[in-house]
Amino acid sequence: MFNRLREITRSTSAFLMVVGLSIPVAADATTPVEWQDLPDPASQEFEDPYRDLGQETLEGVIEVARLRAMQEQTGSLQGDDAARLEASLTSLEEQGIDADVLISQRWIVAERREAAATLGNAAFDGAEVTISGFAIPAPPETDGTSVAYLVEQRGMCSHMPPPMPNQMIRVRLTSDWTPDYMHQPVSLTGRLRINPTQEVFRVVDGEVPMSATWQLDAVAVQTYSAAPLAAEASSEWVDQLRAKLKANKAETGE
């Protein structure tokens, strides 16, 4: 399933056009990879009793957990604390939720979520692949090797938070090429490996922790230039920008 050749079809492809190939490479020696293929498939499906809780309900469970911890430390709760615990438990019971059962599962769920976010798909470990995304410039390695990070969506790690580690690739470049600008759209070819790394460096206007499950030793870089965003184009950071522009126009009366 994961080794068959597939045409790369990405939501961002409508905004890109090819302008050049930095280093020639034999295309038939690689496997096109989609971003959704990178996480370990076995870790993605798991029971998560917290997933469908509403914000108010989740806050109620957190309140019970906090008060239960105080109760364990002091031996008992008095006054307002005891009343709040009783009220929170009653409210959750009326919703059919056993708070103590949920709380007892919190570390199990945390471990499952961690695995889902960090484990890589072993089917691609060591494979020669081609993958497209948006490149973020990074400091070079101590030996001078050029480094970049590849993410699925424009704006990640700057306008938006970093993706999950198994959705981020640390790229070691065998050429002197580096991204010309933040989130430059590229298609990279090289050997992909599971090699978890953590690095912190300045991205746009602040220090950002870059945790990547994957490393790509890129031997070919196909660069793109972004075409103008279509009127109907949408992404989280684009929508935020449009909202700010609309608000500014309303304030200035333009």
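Hydrophobic cluster membership is shared by L85 and I62, with clusters built from Ile, Leu, Val, Met, Phe, Trp and Tyr side chains linked at under 4.5 angstrom. M164 is not connected to M156 by any chain of hydrophobic side-chain contacts under 4.5 Å among Ile, Leu, Val, Met, Phe, Trp and Tyr, and they are in different clusters.
Of all heavy-atom pairs between S88 and V64, the closest is CB-CG2, 3.6 Å. Closest of all the heavy-atom pairs between L38 and N166 is CB-O, 3.4 Å. In terms of heavy-atom proximity, D81 sits nearest to L67 at O-CD1, 4.0 Å.
Ring-plane geometry between H183 and F134 is classed as perpendicular, the angle between the planes exceeding 60 degrees on a 0 to 90 degree scale with a lower cut at 30.
Residues Q184 and T223 are in side-chain contact: their nearest non-hydrogen atoms beyond the backbone lie under 4.5 Å apart. Residues I131 and F124 fail the side-chain proximity criterion, which asks for heavy atoms closer than 4.5 Å. Two residues are said to be in side-chain contact when any heavy atoms from C-beta on lie closer than 4.5 Å; Q167 and P39 meet this criterion. Using a 4.5 Å heavy-atom cutoff, the side chains of L188 and L150 are in contact.
Within 6.0 Å of CD on E45 lie no more than 12 heavy atoms contributed by other residues, nucleotides or ligands.
Residues meeting the side-chain contact (heavy atoms from CB on, under 4.5 Å) test with A115, sequence neighbours left out: S43, L119. Every residue two or more places apart in sequence or in another chain that forms a salt bridge (charged side-chain N to carboxylate O under 4.0 Å, His left out) with R113 is listed here: D48.
For residues 51-69, the pairs satisfying salt bridge (Lys or Arg N to Asp or Glu O under 4.0 Å) are E63-R66, E63-R84, R68-D100, with sequence neighbours left out.
With T30 contributing its side chain and E128 its backbone, the two residues share no donor-acceptor pair below 3.5 Å. The backbone N or O of V101 lies less than 3.5 Å from a partner atom in the side chain of S104, making a donor-acceptor pair.
Between T197 and Q215, the side chains place no donor N or O within less than 3.5 Å of an acceptor N or O (distance only, hydrogens not considered). In the model, Y149 has a side-chain atom that pairs as donor or acceptor with a side-chain atom of E199 under 3.5 Å. Using modelled atom types and a 3.5 Å distance limit, the side chains of T130 and T189 yield a donor-acceptor pair. Using modelled atom types, one finds no donor on one side chain facing an acceptor on the other under 3.5 Å when comparing T178 with S146.
A salt bridge between R191 and D217 is absent, with no side-chain N of the basic residue lying under 4.0 Å from a carboxylate O of the acidic one.
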